[in-house]
Amino acid sequence: MPERSGAGKVALVTGSTAGIGRAMALALAAEGFSVVLNGRRAEAEAKAALSEVRSAGGDENSCIYARADVSLEAGREALFEAVRARFGRLDVLVNNAGISTEGRRDMLDLTEEAMLRVLRTNLIGPFLLSSRFSDLLMNGEGARYMVNISSISAYLPSVNRADYCLSKAGMAMMTKLFAARLAPYGVRVFEIRPGIVRTDMTAPVAERYDRLIDAGLLPLGRWGEPGDVARALVAVVRGHHDYSTGEVINVDGGFQISRGAL
Ligand code: NAD
């Protein structure tokens, strides 16, 4: 069997006890990475994810859970310390933790507090966390990656989710910034842009998306699954995109293809 791409390496996936993050953590463990799971919940509530990822990695020691809120400086610091103390290195940082708009308010009614909540979690937190981990990434050996999970909302305006759209558009620039800053150190930076993926985040609007997909919204005609995003990440960490950095990988069933008739 060929050596797995993650053998002897460490990956951190933020917001990884559920949804897309959990699928990516499982895929990275299957690739042989030691995986740092992260979430805001107490460790007891992350037990299922932890044991699932440990079995995927085939090793009890291959996965730890670090409870931390990435939107808070203390949380980011705790996460950094957990990784440094346990492993002393980081090869893959996946900025996945994210929240949706609260209540889908019209953009003209957005409050500063609501905007800051989304921006702190989806953009400012990931940016500062990436800065904090940059030394470890830059000074490592072999292939190292940062992967930011944005959204089709990075380019698609939804007037009742302006805060979310702004945060994801910001993440697109964050990807380019870190790609430029870390390229001299051999760290590649990617943005994965999922479309409509079946997770807790989309559960409240699932029926609406079902109707839109049935009506032909997506060229590939089906919901995205967390595994679709995880497979795109695996291609990155296996080095299949190694002559690229700052690149966007759309995982959206073809949503970004404009099909307007001329
Ligand atoms: P989810 O709600 O299932 O998972 C998000 C995870 O992030 C949760 O486990 C949550 O607890 C965690 N999280 C939230 N805030 C956090 C914080 N401050 N600190 C640490 N952890 C935190 O949603 P998901 O669909 O799996 O979303 C994952 C990422 O994918 C998000 O960034 C989301 O914006 C993005 N995305 C999702 C979709 C979709 O259709 N589901 C589409 C495009 C992009």
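Predicted model, so just to flag it, every value in this text is computed and none were measured. Counting starts at 1 for both ligands and their atoms, following the listed order.
- Residue, atom and distance of the protein heavy atom nearest to atom 14 (C) of ligand 1 are R40 NH2, 3.4 Å.
- Within ligand 1, counting atoms from 1 as listed, the ones closer than 4.0 Å to a heavy atom of I196 are 40 (O).
- The closest protein non-hydrogen atom to atom 18 (N) of ligand 1 is D69 OD1, 2.7 Å.
- For atom 4 (O) of ligand 1, the nearest non-hydrogen atom of the protein is A18 O, 4.4 Å.
- Classification of R22 and E52 as a salt-bridged pair holds, one side-chain N sitting under 4.0 Å from a carboxylate O.
- In terms of protein heavy-atom proximity, atom 5 (C) of ligand 1 is nearest to G98 O, 3.8 Å.
- With R144 contributing its side chain and M138 its backbone, the two residues share a donor-acceptor pair below 3.5 Å.
- Using a 4.0 Å cut-off to heavy atoms of G19, the atoms of ligand 1 that qualify are 3 (O), 26 (O).
- Just one of T101, I99, T121, V118 meets the side-chain contact (heavy atoms from CB on, under 4.5 Å) condition when paired with S167; it is V118.
- Of all the heavy atoms of V70, the ones lying under 4.0 Å from any atom of ligand 1 are found in both the backbone and the side chain.
- For atom 30 (O) of ligand 1, the choice among V229, I149, D252 with the nearest heavy atom turns out to be I149.
- Between V13 and N38, every side-chain heavy-atom pair lies at or beyond the 4.5 Å cut-off.
- Using modelled atom types, one finds no donor on one side chain facing an acceptor on the other under 3.5 Å when comparing R193 with S151.
- Atoms of ligand 1 found under 4.0 Å from any heavy atom of T121 (numbered from 1 in listed order, with element): 15 (N), 18 (N).
- In summary, the atoms of ligand 1 found under 4.0 Å from a heavy atom of I99, numbered by their order in the structure, are 14 (C), 15 (N).
- Between E73 and R76, none of the side-chain N atoms (NZ, or NE/NH1/NH2) sits under 4.0 Å from a carboxylate O, so this pair counts as no salt bridge.
- Atom 31 (C) of ligand 1 has N96 O, 3.2 Å as its closest protein atom, hydrogens excluded (heavy atom only).
- Donor-acceptor pairing under 3.5 Å is recorded for the side chains of D242 and Y145.
- Assignment of G195 to the shell around ligand 1 is supported, since a heavy atom sits closer than 4.0 Å.
- Short contacts between ligand 1 and T202, defined as distances under 4.0 Å to a heavy atom of the residue, involve ligand atoms 39 (C), 40 (O), 41 (N).
- Ligand 1 lies nowhere less than 4.0 angstrom from a heavy atom belonging to T14.
- Under 3.5 Å, the side chains of N96 and S16 contain no donor-acceptor pair of N or O atoms.
- Separating the CG atom in L129 from the CG atom in L93 is a distance of 5.5 Å, to the nearest 0.5 Å.
- If you number the atoms of ligand 1 from 1 as listed, the ones under 4.0 Å from a heavy atom of T17 come out as 9 (O).
- Interface of I20 with ligand 1, defined as ligand atoms under 4.0 Å from a residue heavy atom, comprises 25 (O), 26 (O), 30 (O), 37 (C).
- In this model, no donor atom of one side chain and acceptor atom of the other lie less than 3.5 Å apart for N148 and S150.
- Between atom CZ of residue R231 and atom CE of residue M24 there is a gap of 13.0 Å, rounded to the nearest 0.5 Å.
- The option with the heavy atom closest to atom 20 (C) of ligand 1, from among A203, S71, A68, G21, is A68.
- Closest to atom 22 (C) of ligand 1, if we only count protein heavy atoms, is A97 CB, 3.5 Å.
- No donor-acceptor pair under 3.5 Å is formed between the side chain of D91 and the backbone N or O of K9.
- Counting heavy atoms closer than 4.0 Å to ligand 1, residue L72 contributes nothing at all.
- Between R117 and E102 there is a salt bridge, since a side-chain N of the basic residue sits under 4.0 Å from a carboxylate O of the acidic one.
- Of the protein's non-hydrogen atoms, the one nearest atom 6 (C) of ligand 1 is G15 O, 3.5 Å.
- V251 approaches D228 most closely through the heavy-atom pair CG1-O, 3.7 Å.
- The shell of residues lying under 4.0 angstrom from ligand 1, judged by heavy atoms, excludes G224.
- Listed by number with element, the atoms of ligand 1 under 4.0 angstrom from any heavy atom of Y164 are 33 (C), 34 (O), 35 (C), 36 (N), 44 (C).
- With respect to atom 24 (P) of ligand 1, the closest heavy atom belonging to the protein is T199 OG1, 3.6 Å.
- Residue contact check for ligand 1: S150 places a non-hydrogen atom closer than 4.0 Å to it.
- Ligand 1 is approached by K168 to a heavy-atom distance shorter than 4.0 Å.
- In this structure, G254 and P219 approach most closely via the heavy-atom pair O-CG, 3.3 Å.
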